Visitor: 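Once you've had a glance at the structure underneath, I'll fire off some questions.
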Amino acid sequence: MHPIILVSPRNAKLRTRIDENGHQAIGSLSNCAVAELLAVAADSAKMPLQKALRRASRKAFMWPEEASLIIQQGRSLKELPAVGPTLERIIRSWLENPPDVPAPPPIRQHFLTATETRATLADNPDWLHAVKGDLQMHTVWSDGSGSIEDMARAAIERGYKFIAITDHSKGLKIAGGINEEQLQQQSEEIATINAKLKSEGHLLQVLRSIELNIDPRGHGDMDSKALASLDLVLGCFHSALRKKEDQTERYIAGLRNPVVHVLGHPRGRIYNYRLGLDADWERVFTVAAELDKAVEIDGYPDRQDLSLDLLRLAKKAGCRISFGTDSHDPLQLRFMDYSLAAAIRAGIRRDRILNFLNADELRDWAQSVRNR
Ligand SMILES: [Zn+2]
């Protein structure tokens with residue numbers, strides 16, 4: 001066994017993290033720092049270790065506890081997702097002798113760890129209790145693994161009043177996108193489930209929605225008539241996401257598309273995989289505010305899109321914000337923590353966030369956007 005040289009138990013509860021300049025805060029290495037060390041180590045590792053390091057780097061943002069705390073308590077790091085014997089040895093050596101942690105490159109910047117989100121929520125407990133619903137999730141109708149009813153039951157467990165079912169639209173074949181006819185069938189299934197839940201005395205309402213695939217010109221891939229009866233439409237870009245040039249016009253075109261209420265996962269970034277698009281964000285958010293539309297905080301840990309830096313600009317512009325976990329199974333509804341924590345840290349007011357409205361107010365807003 002290696003000697004354990006770490007912060008004293010008294011300091012163990014200190015939340016350590018990398019500051020804006022990438023410097024490690026006082027104390028032992030945070031999960032965020034461990035994630036960065038794993039990603040850097042992956043760059044010079046050979047397969048299959050490289051793959052394991054990359055995977056653990058990503059998963060570190062979902063670890064439920066600080067790795068340093070687990071070591072201090074004499075437990076095994078193998079309790080953590082994506083950590084096996086080899087990675088345990090590597091991470092343990094870092095925690096015992098903390099190396100310098102380099103500033104993350106942009107492709108890994110502005111991601112919150114699960115422990116950071118929990119700390120923020122612990123300081124603002126009323127947010128978690130007040131959030132009324134989740135506005136992005138997928139089911140077996142497209143690429144999710146749960147049924148609509150599975151998602152609804154999990155949402156009831158969380159105390160929600162509404163969820164929006166946002167399966168992919170037909171243009172996104174790779175994600176099993178649904179066409180107009182399937183969307184209609186899905187609406188019928190939702191009506192049946194809503195009636196059933198109501199008869200059981202539940203207050204949750206399942207909203208009919210879609211993750212509409214929009215092209216770089218802002219055009220959707222579905223007949224607008226099929227979308228008119230939905231409660232809410234998310235518009236999302238899924239193509240040409242590695243463009244380096246300014247994409248402001250694409251965003252403005254997407255926002256101006258009359259069927260779109262919410263711009264989902266706006267940048268299209270994915271941790272350590274894709275940086276996402278760039279734009280004159282102040283202008284984009286100003287246009288969203290003028291049109292009274294929303295931009296999303298996709299809470300999926302690898303996405304966290306919009307991120308804090310952009311959310312501060314969105315706050316200034318005053319546009320509406322939507323939280324969506326982008327869940328692909330019922331357990332992922334917990335990713336709401338990331339959306340909530342990002343909004344709190346960016347100082348977004350609750351009255352700007354769709355998820356704090358009740359279902360009727362949300363429908364009224366969606367209708368008023370359509371009537372503009
Ligand atoms: Zn998407």
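Treat the numbers as computed from the prediction; the structure is a model and nothing was measured. Computation of the quantities below employed the complete heavy-atom set of this structure, encompassing side-chain atoms and omitting hydrogens, waters and symmetry-equivalent molecules. In each ligand, atom 1 is the first atom listed, and ligand 1 is the first ligand listed.
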Visitor: Could you walk me through whether Arg54 and Asp43 pass salt bridge (charged side-chain N to carboxylate O under 4.0 Å, His left out), step by step?
Guide: CA-CA 9 Å; Arg54 286 230 167 97; Asp43 287 340; 3.3 Å; yes
Visitor: Identify the heavy atoms of Ala155 and Ile163 that sit nearest to each other, and give their distance.
Guide: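 Minimum heavy-atom contact is CB-CG2, 3.4 Å.
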Visitor: Which residues and atoms, protein N, O or S only, are under 2.8 Å from the Zn ion (ligand 1)?
Guide: Glu211 OE2, His238 NE2, His265 NE2
Visitor: Above 12 or not: heavy atoms from other molecules or residues under 6.0 Å from CZ of Arg75?
Guide: yes
Visitor: Please report the closest heavy-atom contact between Tyr251 and Pro266, naming both atoms and the distance.
Guide: OH-O, 2.6 Å
Visitor: Write down the atom of Thr120, the atom of Arg345, and the distance for their closest heavy-atom approach.
Guide: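 Closest approach of Thr120 to Arg345: OG1-NE, 2.8 Å.
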Visitor: Taking ILVMFWY side chains as joined if any heavy atoms are under 4.5 angstrom apart, and letting links pass through other members, which residues group with Val140?
Guide: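 For Val140, no cluster forms, as it stays isolated from other hydrophobic side chains.
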